[in-house]
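Only one structure is covered here, and it is reproduced in the block below.
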Amino acid sequence: MTLVRYESADHVATITMARSEKHNALNNALCSELRDAWLRFRDSDDRVAVLASSEEKYFSVGADVADLPVNMWHAVPGLGVELDKPVVAATSGWVVGGAFVLVQMADLCVASETTRFIYPEGKIGTTAGGVSSVMARMPHKIAMEFLLVGEEMSAERAYQIGFVNKVVAKGQHIAMAQEMAAKIAGNAPLVVRALKKLAREAMPKGPLETVADVRRLLDEVRDSDDLKEGVKAFSEKRKPRFTGR
């Protein structure tokens, strides 16, 4: 991976977006590498992940308008890759559009005092719909103001409404997120995973979450060796030899 760094220490994975020259604009390549990072995290011995940016002024400017990602939902933790391990977002600077969805779907958030959340899709004239899940993560009228008016929300305001767990001094957000993640990683892994699963089941799902559940199921079939074998066997007029892979 060249646009995402994956570092592991003491069962904590730090996944860092590193497309700094474009302020982590979410293009097809970055979204693909984020999905790969979530897959690696899912299958690893790491127990908690911290999602961060390589620069202070921009967590991410959201979707790259010059290279709009075909499947941006693949990059979103819990959507593109189903996770039963916690994710802590560590934010600073601007968190725009699709980047807000990344933070929204994380389990916790540590924000630098420099963090500014904004969802400007109404001003641009497009939406991918993933932000609808914010309704389960913010009070209704505050969420509607954030979505429909499209003005920025400070880290302090996000903390006041419960969207952010901690607000820290500039430059301290990643260290604090890693500290929080280390505490979680020190707890009983089976219990942590069970609690996350139970919490996820109790939380209302947005429309994109429901679609993602189906897409993950069907994508596994579409990309399977069994599909290739079935098509080949049909063309060769023989009985297929399925392996379940």
Side-chain angles (χ1 to χ4, degrees), residues 3-5 14-31 33-34 37 49-69 72-77 79 87-134 137-138 142-178 180:
L3 302 177
V4 174
R5 296 198 302 266
T14 301
I15 297 170
T16 306
M17 296 181 289
R19 195 187 179 208
S20 299
E21 73 282 1
K22 295 293 185 179
H23 303 312
N24 292 326
L26 297 166
N27 66 348
N28 283 286
L30 179 53
C31 287
E33 290 194 20
L34 276 173
V50 172
L51 176 62
S53 166
S54 58
E55 59 175 326
E56 171 71 31
K57 292 183 178 180
Y58 296 89
F59 179 77
S60 168
V61 294
D64 189 338
V65 294
D67 182 15
L68 285 172
M72 191 166 70
W73 67 278
H74 279 171
V76 180
L79 291 186
V87 176
V88 184
T91 64
S92 65
W94 287 102
V95 182
V96 182
F100 177 82
V101 177
L102 295 178
V103 178
Q104 164 191 284
M105 297 305 295
D107 301 287
L108 302 98
C109 178
V110 176
S112 163
E113 61 188 3
T114 66
T115 297
R116 295 291 183 271
F117 298 107
I118 189 167
Y119 205 83
E121 286 189 340
K123 297 177 182 295
I124 297 171
T126 184
T127 184
V131 76
S132 59
S133 294
V134 76
R137 293 160 174 84
M138 278 187 191
I142 295 174
M144 293 305 292
E145 178 184 354
F146 180 69
L147 297 180
L148 302 183
V149 178
E151 293 179 346
E152 69 180 76
M153 178 182 291
S154 69
E156 182 60 32
R157 178 59 170 156
Y159 173 76
Q160 290 170 357
I161 64 171
F163 187 76
V164 163
N165 297 88
K166 294 180 183 292
V167 179
V168 297
K170 179 179 178 180
Q172 300 300 309
H173 55 294
I174 296 177
M176 178 57 72
Q178 290 171 330
M180 182 180 289

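Index from 1, following the sequence. The figures that follow rest on heavy atoms only: side chains count, while hydrogens, waters and symmetry mates do not. In this text the structure is predicted, and so the values were computed from the model without any measurement.
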Residue set satisfying ring pair (Phe, Tyr, Trp, His ring centres under 6.0 Å) with H23, at least two apart, ordered chain then number -> Y58
Under 3.5 Å, side-chain donor or acceptor atoms of residues 95-105 against the rest of the protein: list the pairs with distances, not counting sequence neighbours.
| from | atom 1 | to | atom 2 | distance (Å) |
| --- | --- | --- | --- | --- |
| Q104 | OE1 | V134 | N | 3.2 |
| Q104 | NE2 | G130 | O | 3.2 |

Please examine the side chains of L34 and I15, heavy atoms only from C-beta on, and report whether any two atoms are closer than 4.5 Å. yes
Taking side chain to side chain donor-acceptor pair (under 3.5 Å) as the test, write out the residues that go with E33, two or more places apart. T2
S132: side chain to side chain donor-acceptor pair (under 3.5 Å) partners, not counting sequence neighbours: none
Hey, what do you get for CD (E113) to CD (Q172), rounding to the nearest 0.5 Å? 9.5 Å
Enter the distance from T16:OG1 to I174:CD1 here, rounded to the nearest 0.5 Å. 6.0 Å
Answer yes or no: is there a donor N or O on one side and an acceptor on the other, between the side chain of T14 and the main chain of V50, under 3.5 Å? no
H74 versus C31: any side-chain heavy-atom pair under 4.5 Å? no
Residues 144-164 side chain polar contacts: donor-acceptor under 3.5 Å, at least two apart:
| from | atom 1 | to | atom 2 | distance (Å) |
| --- | --- | --- | --- | --- |
| E152 | OE2 | R116 | NE | 3.1 |
| S154 | OG | R157 | N | 3.1 |

Could you work out, with side chain to side chain contact (heavy atoms under 4.5 Å, CB included) as the rule, every residue matching A25, not counting sequence neighbours? R19, K22, V61, D64
Partners passing side chain to side chain contact (heavy atoms under 4.5 Å, CB included) against L108 (at least two apart in sequence or in another chain): V88, N165, M180, I184
Heavy-atom distance under 4.5 Å between the side chains of L30 and V4, does that happen here? yes
State, with a plain yes or no, whether a side-chain heavy atom of K57 is found less than 4.5 Å away from one of S92. no
Residue set satisfying side chain to side chain donor-acceptor pair (under 3.5 Å) with T114, at least two apart, ordered chain then number -> E56, S112
Does the side chain of S54 pick up a donor-acceptor pair with the side chain of S20 at under 3.5 Å? yes
Side chain to side chain contact (heavy atoms under 4.5 Å, CB included) filter on S53, not counting sequence neighbours, yields N24, E55, F59
Side chain to side chain contact (heavy atoms under 4.5 Å, CB included) partners for A29, two or more places apart: L3, N27
